[in-house]
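Notes follow once the structure below has been shown.
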Amino acid sequence: MEHRCATIERCDYLVIGSGIAGLYFALEAAEHGTVVILTKRDAAQSSTWHAQGGIAAVLDPQDSYEAHIRDTLRVGVGLCDVAAVTAAVTEGPDCVRDLAARFSVVFDQKNGGFDLGREGGHGCRRVAHAHDMTGREVASKLLDAVHDHPRITLMEDCMAVDLLTAAKYGGPNACFGAFVLDRHSGRIGTLLARATILATGGTGKVYLYTSNPDTASGDGIAMAYRVGASVANLEFIQFHPTCLYHPEARSFLISEALRGEGGKLRLADGTRFMPSYHDMAELAPRDVVARAIDQELKRTGDDCVYLDMTALDAEFLRERFPNIYKTCLSFGIDLTCDPIPVVPAAHYSCGGVKTDLVGRTDVQNLFAIGEVACTGLHGACRLASNSLLEGLVFAKRTASVVKDLEEVEPPGLVQWGFEGAADSDEAVVVTHNWDEIRRFMWNYVGIVRTTKRLERARRRIETVREEIRDYYWNFKITADLLELRNLALTAHLIILSAMARPESRGLHFMLDYPETMDWFAKDTVLRRGSGPPA
Ligand code: SIN
């Protein structure tokens, strides 16, 4: 069912975001209530849609839960929550089978079972996939089911402005829905819900170069923080080591699965460099590979390194990686005989809105699932292909508890009150600030950080946010302005989190604090009103 946003509407479960976590939650929760899925563009514009590698799960009798748990904990460098890891690993395989059985998701098969791929940090082949378009296969099948479901309403081109909490009206800190901007009419309506579920995805657009779609502007983190939810571990931004280096490719992802099948990273002169950085060479954890590439680029002054697949059978490569093959070819690169130029780009936020093991945040009736959440699964660095896994497992867990929630009564008529603001005559403010943030975040809060660079970034973001605040309260709200406001707050929180960790661990590498310190083996938690102001 599709729909536009009227003035005031009500549902049982309001899901914000249409990636794997939001869709899977909606389909589970619709068993016991009405669901509205809010998505700010069309529903297919999610990071899930672009996910290539697959879903890590113990599906091979030779593999074991212990081994998957061990790999996840090792890559997470002391910050994973063992209970979250155990839940994801032990409940994941049934979710993968459920996708195939209930929603007809087609995974590649081999010898009567799953054809499992290998990726960095995994000790064995463990990744269920649909060629190199796993996310698209999963999301499209879940969306088909959502469209057919009589109790789910999909609202496209509708963006949450802010969460509604009773605390704003003198009550407890409990969420009862959101203000919603309809991008077509420009009107802001009210959506009331028994439970509000953030499934807004990641923060990649905070950085100049990212594998993420344009929608990844940190909306969920920013909205949750504004209503007093704790956010955790935002300094751990994962940079994917291999995105296509081409002026028109917009950081198209070159899946780690290529290295899993034997791809080698080389410098322009053909030299392999990963064996001198880690004993797993090209299959080392992602933070190690991204940092090694960064270091080699700085040392040589080159613009990119190369992923060499040419030793593999050409027919196999075309069959296993049809989308990557076709995309590279469209840029004049035949990966069966040409090395692929690659660079790292921002890919995944390991931190997010802090939750327990059933998606609860510390704001009553507000939940977070998928990339926007920090469940404790990823710690200081996410193991490859554990993200779709997390989306499924924690969506299902969250759906199992929301039906028992007590409703928070809205305090009277809740309506947006700023209809009279003027149209902006300086849209350039939005684009300029957006570009500026993404550039200084890339330069100062990127793969390698220093205290001085973080300080510079903090000063810049404070100035930019002041300008945005001024603009926000004086002009009519647009989706671009909302995204900029969220992006700026998220950037600020990433900077503050990074400054709170004077050590190096996993994805957070400080040149002036290169050691990992035992006493920092704890989460970085920020909450509005406690700690440095953001
Ligand atoms: C990839 O295919 O390399 C991405 C998988 C992931 O981010 O886990």
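Along the sequence shown, residues are numbered consecutively beginning with 1. Just so you know, ligand 1 is whichever comes first in the structure, and atom 1 is the first atom listed for that ligand.
- Note: Y207 and F239 meet the aromatic proximity criterion, with ring centroids under 6.0 Å apart.
- Sorted by first and then second residue, the side-chain hydrogen bond (donor to acceptor under 3.5 Å, both in side chains) pairs with a member in residues 85-100 read Y24-D98, E91-R397, D94-R97, D98-R102; sequence neighbours excluded.
- Contact check on E235 versus R501 returns a salt bridge, with a Lys/Arg side-chain nitrogen under 4.0 Å from an Asp/Glu carboxylate oxygen.
- Not less than 6.0 angstrom separates the ring centroid of H246 from the ring centroid of F252.
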What are the polar N/O contacts of ligand 1 with the protein below 3.5 Å, with distances?
residue, atom, partner, partner atom, Å
ligand 1, 2 (O), G53, N, 2.9
ligand 1, 2 (O), S255, OG, 2.6
ligand 1, 3 (O), H240, NE2, 2.7
ligand 1, 3 (O), E256, N, 2.7
ligand 1, 7 (O), R286, NH1, 2.9
ligand 1, 7 (O), R286, NH2, 3.3
ligand 1, 7 (O), H347, NE2, 2.7
ligand 1, 7 (O), R382, NH2, 2.7
ligand 1, 8 (O), R286, NH2, 3.3
ligand 1, 8 (O), R382, NH1, 2.7
ligand 1, 8 (O), R382, NH2, 3.4
ligand 1, 8 (O), S385, N, 2.6

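- No side-chain donor-acceptor contact under 3.5 Å links S387 and E371.
- Under 3.5 Å, the side chains of S217 and K40 contain a donor-acceptor pair of N or O atoms.
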